[in-house]
Protein chains: 2
Amino acid sequence: MTLPQTRAFQKVVDHVEQAIATGELAPGDRLPSERELVERFGIARSSVREALRVLESMELVRSQPRDPRGPLVLPASTGPIRRSLQMLTATQAVSLPELVQFRMVADAAANLMAATRRTDAQLLGLERNMARMRESIPLGYGAFSRLDLEFHELIAEAGGNTLVRLYGNVTRESVLTLIQRTILDAGDREALMRRSVRHHAAVYQAIADRDGPLASRLARETLYAYYADHVDEADRAIMADLVRECGGTVS
Amino acid sequence: MTLPQTRAFQKVVDHVEQAIATGELAPGDRLPSERELVERFGIARSSVREALRVLESMELVRSQPRDPRGPLVLPASTGPIRRSLQMLTATQAVSLPELVQFRMVADAAANLMAATRRTDAQLLGLERNMARMRESIPLGYGAFSRLDLEFHELIAEAGGNTLVRLYGNVTRESVLTLIQRTILDAGDREALMRRSVRHHAAVYQAIADRDGPLASRLARETLYAYYADHVDEADRAIMADLVRECGGTVS
DNA sequence: GCCTGGTAGCTGGTCGGACCAGCTCGGCGC
DNA sequence: GCGCCGAGCTGGTCCGACCAGCTACCAGGC
């Protein structure tokens with residue numbers, strides 16, 4: 001009684017995936033209990049459980065012990081994408097130059113959009129972040145870099161584009177983990193941090209002034225200045241192209 | 001002992017994930033057989049199988065029936081990211097304007113990089129694609145749009161940035177599925193296709209001439225022209241910003 | 001009549017055993 | 001020496017059992 005084509009659990013996975021994609025199952029809905037899925041799909045409970053583990057790993061559903069209402073359908077999440085991306089960078093499938101180049105593109109877009117769409121409240125959030133960042137300099141690079149990520153995340157959020165935000169956040173995190181070792185070796189970390197604060201202030205001002213092109217150019221120029229020395233000639237040329245594309249100058 | 005905070009299969013997942021991330025397990029390596037993992041981790045075979053299903057859904061390993069060598073460790077894949085992204089767009093977690101805006105950014109970057117890095121062989125591939133595209137016009141929009149996707153995929157490949165390529169491909173696919181209904185309603189589909197062919201020819205020429213800024217600007221202007229009418233005022237403004245960012249003009 | 005306490009029945013988590021189909025390999029018979 | 005066949009492994013599936021904890025219901029005491 002073996003099915004050569006598809007494995008038993010795959011039927012359940014496909015069915016639930018389809019139902020969620022079509023909106024038939026919405027976040028907050030409940031799947032039937034494991035034992036009920038056994039009857040509906042005519043497969044063993046172990047197979048049902050394999051299906052639920054797969055759906056859980058995609059963050060589509062969540063099973064909770066002793067919940068009589070059944071597995072919960074979750075809202076669409078970017079978690080699996082983040083984890084997959086981190087695995088790609090961890091296994092060197094994506095290199096630092098690729099990450100930096102993409103970050104130039106994503107940060108530029110985020111800054112541009114934020115300059116147009118930002119609200120005063122979001123501007124205030126950026127101010128508060130910058131204040132905390134200045135205070136964190138004596139605390140070391142760990143706390144500082146978390147606030148650095150938050151600064152860009154706030155901008156991406158203000159930009160209002162889910163994809164720019166998601167890809168940008170993941171990319172920034174990956175860049176940070178890859179570069180952290182190098183940074184820690186650098187002699188004058190405090191100078192690096194102070195430079196970051198100045199760059200953030202410039203970007204903040206451009207966004208406050210609703211000067212999108214400037215905010216965009218600052219992102220590209222800054223990233224070029226930070227990372228150009230960490231990549232080889234060919235990748236540096238691409239980065240320079242990205243800076244010049246929008247009228248920027250390579251320092 | 002039943003609820004040790006973490007579920008049994010998670011131990012195996014974490015262990016294997018870690019081993020792959022650190023390079024301890026490389027693509028082509030083999031995991032121990034299910035029954036051996038049972039002994040090593042001291043858990044039941046059903047739990048081991050749940051772990052393997054999760055690792056399989058992340059495309060980190062693959063189990064093959066009756067393979068005495070055990071589950072195969074796979075090379076890093078972008079498959080899970082693609083599927084997660086498609087789910088995000090399917091559930092409307094990402095809207096058409098967001099997709100189009102991001103596509104403007106990604107296509108522009110891909111065109112720019114391709115103009116610098118493209119080889120003559122890749123140029124030839126673009127030519128062949130364009131020829132097939134012209135021939136496909138009488139065959140209807142389905143075949144045409146597949147070749148359209150391929151054209152941009154070839155450019156992204158020539159650009160040489162994994163992230164730009166991955167994100168761009170997924171985004172283009174999603175845009176196409178979301179817009180297809182509208183396109184099919186449009187009166188003169190053949191005129192649309194002929195316009196696409198002309199735009200592709202212009203991009204091709206810019207890439208052939210190694211004129212990155214032009215290739216980039218063409219991407220943004222073309223996408224604005226195609227989709228500006230399908231989004232509301234605020235999103236259209238952002239799209240116009242993206243065009244002007246690099247010296248383009250809004251038609 | 002109302003409150004309270006126990007219990008039955010559900011949930012998901014885990015385990016162990018069983019069988020199947022198909023591949024590999026080694027030993028046996030020729 | 002060559003070829004065949006079965007033993008032993010693999011993953012895929014199913015079944016039954018038990019546990020812990022939550023809930024709802026019902027009986028008993030006040």
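Note on naming: letters A, B, ... go to the chains in the order of the sequence lines (proteins, then strands), and numbering restarts at 1 for each one.
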Of the nucleotides [options], which one has an atom closest to the side chain of [X]?
X	options	answer
A:Ala8	C:dG12, D:dG12, D:dT13	D:dT13
A:Arg66	C:dC15, D:dG21, C:dG13	D:dG21
B:Ser33	D:dC14, D:dG21, D:dT10	D:dT10

Tell me: [atom1] of [X] to [atom2] of [N], nearest whole Å?
X	N	atom1	atom2	result
A:Arg35	D:dC14	CZ	P	16 Å
A:Gln64	D:dC22	CD	C1'	12 Å
B:Arg69	D:dG11	CZ	P	11 Å
B:Glu50	D:dG12	CD	P	14 Å
B:Leu37	C:dT14	CG	P	16 Å

Parallel, tilted or perpendicular: which one describes the rings of A:Tyr167 and B:Tyr167, with boundaries at 30° and 60°?
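Parallel: the ring planes of A:Tyr167 and B:Tyr167 meet at under 30°.
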Throw together a table of side-chain donor-acceptor distances under 3.5 angstrom for residues 96-113 of chain B, partners on residues two or more places apart or in other chains.
| unit_1 | atom_1 | unit_2 | atom_2 | d |
| --- | --- | --- | --- | --- |
| B:Glu98 | OE1 | A:Thr162 | OG1 | 3.3 |
| B:Glu98 | OE1 | B:Ser95 | N | 3.0 |
| B:Glu98 | OE1 | B:Ser95 | OG | 3.3 |
| B:Glu98 | OE2 | A:Thr162 | N | 2.8 |
| B:Glu98 | OE2 | A:Thr162 | OG1 | 2.5 |
| B:Gln101 | OE1 | A:Asn161 | ND2 | 3.1 |
| B:Gln101 | NE2 | B:Asp235 | O | 3.4 |
| B:Gln101 | NE2 | B:Asp235 | OD1 | 3.0 |
| B:Arg103 | NE | B:Asp107 | OD2 | 2.9 |
| B:Arg103 | NH2 | B:Asp107 | OD2 | 3.4 |
| B:Arg103 | NH2 | B:His152 | NE2 | 3.4 |
| B:Asp107 | OD1 | B:Arg172 | NH1 | 2.4 |
| B:Asn111 | ND2 | B:Ala215 | O | 3.0 |

Any side-chain to backbone donor/acceptor pair from A:Gln180 onto A:Thr177? Under 3.5 Å, distance only.
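Answer holds: no.
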Below the 4.0 Å mark, does C:dG12 have OP1 or OP2 next to a side-chain nitrogen or oxygen of B:Arg7?
no
Using a 4.0 Å cut-off on heavy atoms, which residues in residues 38-49 of chain A reach DNA chain D? List them by number, or say none.
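Within this stretch, A:Gly42, A:Ile43, A:Ala44, A:Arg45, A:Ser46, A:Ser47 sit under 4.0 Å of the strand.
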What is the nucleic acid contact for B:Arg62, judged by heavy atoms within less than 4.0 Å: base, sugar-phosphate only, or nothing?
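If one applies the 4.0 Å heavy-atom cut-off, B:Arg62 turns out to touch nothing in the nucleic acid.
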Looking at CG of A:Leu31 and CD of A:Glu36, how far apart are the two atoms once the value is rounded to the nearest 0.5 Å?
10.0 Å
